[in-house]
Amino acid sequence: MKVSSVVLKMSAAVAAIAAAPAAAKILMAGDSTMAQSSTNIQGWGTPFANYMSLTVVNLARGGRSARSYTREGLWDTLVSQIEPGDYVIIEFGHNDGSSPASSDRAATFGSGTETTTVTLADGTVEVVQTFVTYEKWMVQDVLAAGGIPVVSSTTPNGDAWNDAHTEVSEGNRFVPYSMYAAGNYTSQGATWIDHYGWVAVAYEDLGYDNVYPALFPNDHTHTSPEGADVVAKAFVNGLKCKGHALANYLTAAGTAIPKVCS
Ligand SMILES: *[C@@H]1O[C@H](CO)[C@@H](O)[C@H](O)[C@H]1NC(C)=O
């Protein structure tokens, strides 16, 4: 790293610290499991705002993957709203599987710099990256704007349990992929919240019969408002267990959420 870029990064960091108390807000990027809904399902970003004393701007959008959120410009719209010191929570994984050849939201398989070139229905040629590449780009953009990236693993489906219904199953590949995206930028302030794991703890505490289909009125992916609240509380619990800076910005309701770290 050149000295000039070190100095630039240091002054950006100082500016971020100075600006944080006044400007800090939380921007959220994700899919329907995070997005505000006006139907019988709800995304966790909505109840999450009740637990944070910072302004929460939930820019999650149903049906999106890390790839389509990027391609459609939704990510650029979010980046344009980042002020130094803002936190950006990034959580994808429900719409990122399948093959880029057949899905305009599927990422290229793998966790490195692999790409696939596809032609979309409208004739556009798109170079499709891996999920990790899209999330690393997001982390880089947040850092470049003076923000603080918080990469979160995807949420478990309601029916993802072992046969005995005693434990939530291990997450899919997008869980470690999200960890890599944060892990590559830990020294620059990125953190990973294993939301999947914390929701699993919460679901196991409730028990299968109180989770599925109790909290999943339509399908195995989307929660009821009550389910969204469980998922939001699990995220706050994850912040507390991690000792994350965001745990310093809780409302009374957020503070009251029990801390369960094992
Ligand atoms: C960085 O990302 C790569 C995948 O692109 C991953 O294999 C590696 O484990 C990551 N490093 C950390 C520290 O997370």
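Sequential numbering from 1 along the given sequence is applied to the chain's residues. Counting starts at 1 for both ligands and their atoms, in listed order. Only a predicted model underlies this, so the values are computations on that prediction, with no experimental measurement involved.
- Ranked by closest heavy atom to atom 6 (C) of ligand 1, the top entry among Trp192, Phe131, Tyr180, Tyr177 is Tyr180.
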Taking only distance into account, with no hydrogens and no angle test, what donor-acceptor pairs under 3.5 Å do side-chain atoms of residues 231-244 form with protein atoms, sequence neighbours excluded?
unit_1: Lys233; atom_1: NZ; unit_2: Asp229; atom_2: OD2; d: 3.1
unit_1: Asn237; atom_1: OD1; unit_2: Val260; atom_2: N; d: 2.8
unit_1: Asn237; atom_1: ND2; unit_2: Val260; atom_2: O; d: 2.9
unit_1: Lys240; atom_1: NZ; unit_2: Gly254; atom_2: O; d: 2.9
unit_1: Lys240; atom_1: NZ; unit_2: Thr255; atom_2: O; d: 3.0
unit_1: Lys240; atom_1: NZ; unit_2: Ile257; atom_2: O; d: 2.6
unit_1: Lys242; atom_1: NZ; unit_2: Trp192; atom_2: O; d: 2.6
unit_1: His244; atom_1: ND1; unit_2: Leu246; atom_2: N; d: 2.9
unit_1: His244; atom_1: NE2; unit_2: Thr191; atom_2: OG1; d: 2.9

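- Under a 4.0 Å criterion applied to the non-hydrogen atoms of Val132, ligand 1 contributes the atoms 5 (O).
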Could you give the side-chain donor-acceptor pairs of residues 210-218 under 3.5 Å, partners two or more places apart or in another chain?
unit_1: Asn210; atom_1: ND2; unit_2: Leu206; atom_2: O; d: 2.8
unit_1: Asn218; atom_1: OD1; unit_2: Asn40; atom_2: ND2; d: 2.7
unit_1: Asn218; atom_1: ND2; unit_2: Asn40; atom_2: OD1; d: 3.4

>> With salt bridge (charged side-chain N to carboxylate O under 4.0 Å, His left out) as the criterion, how do Arg67 and Glu126 come out once you've worked through the C-alpha distance, each side chain's angles and the decisive distance to 0.1 Å?
In response: CA-CA 10 Å; Arg67 171 187 167 195; Glu126 182 184 2; 2.8 Å; yes
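- The protein heavy-atom contact nearest to atom 4 (C) of ligand 1 is Ser111 O, 3.0 Å.
- In this pair, Phe174 and Tyr177 present their aromatic rings perpendicular. The plane angle is above 60°, beyond the 30 to 60° band.
- Donor-acceptor pairing under 3.5 Å is lacking for the side chains of Thr155 and His195.
- Given atom 13 (C) of ligand 1, the protein heavy atom at minimum distance is Gly183 O, 3.5 Å.
- If you check which protein heavy atom lies closest to atom 11 (N) of ligand 1, you get Asn184 ND2, 3.1 Å.
- Close contacts of ligand 1 with Lys136, meaning ligand atoms under 4.0 Å from a residue heavy atom, involve 1 (C), 2 (O), 3 (C), 4 (C), 5 (O).
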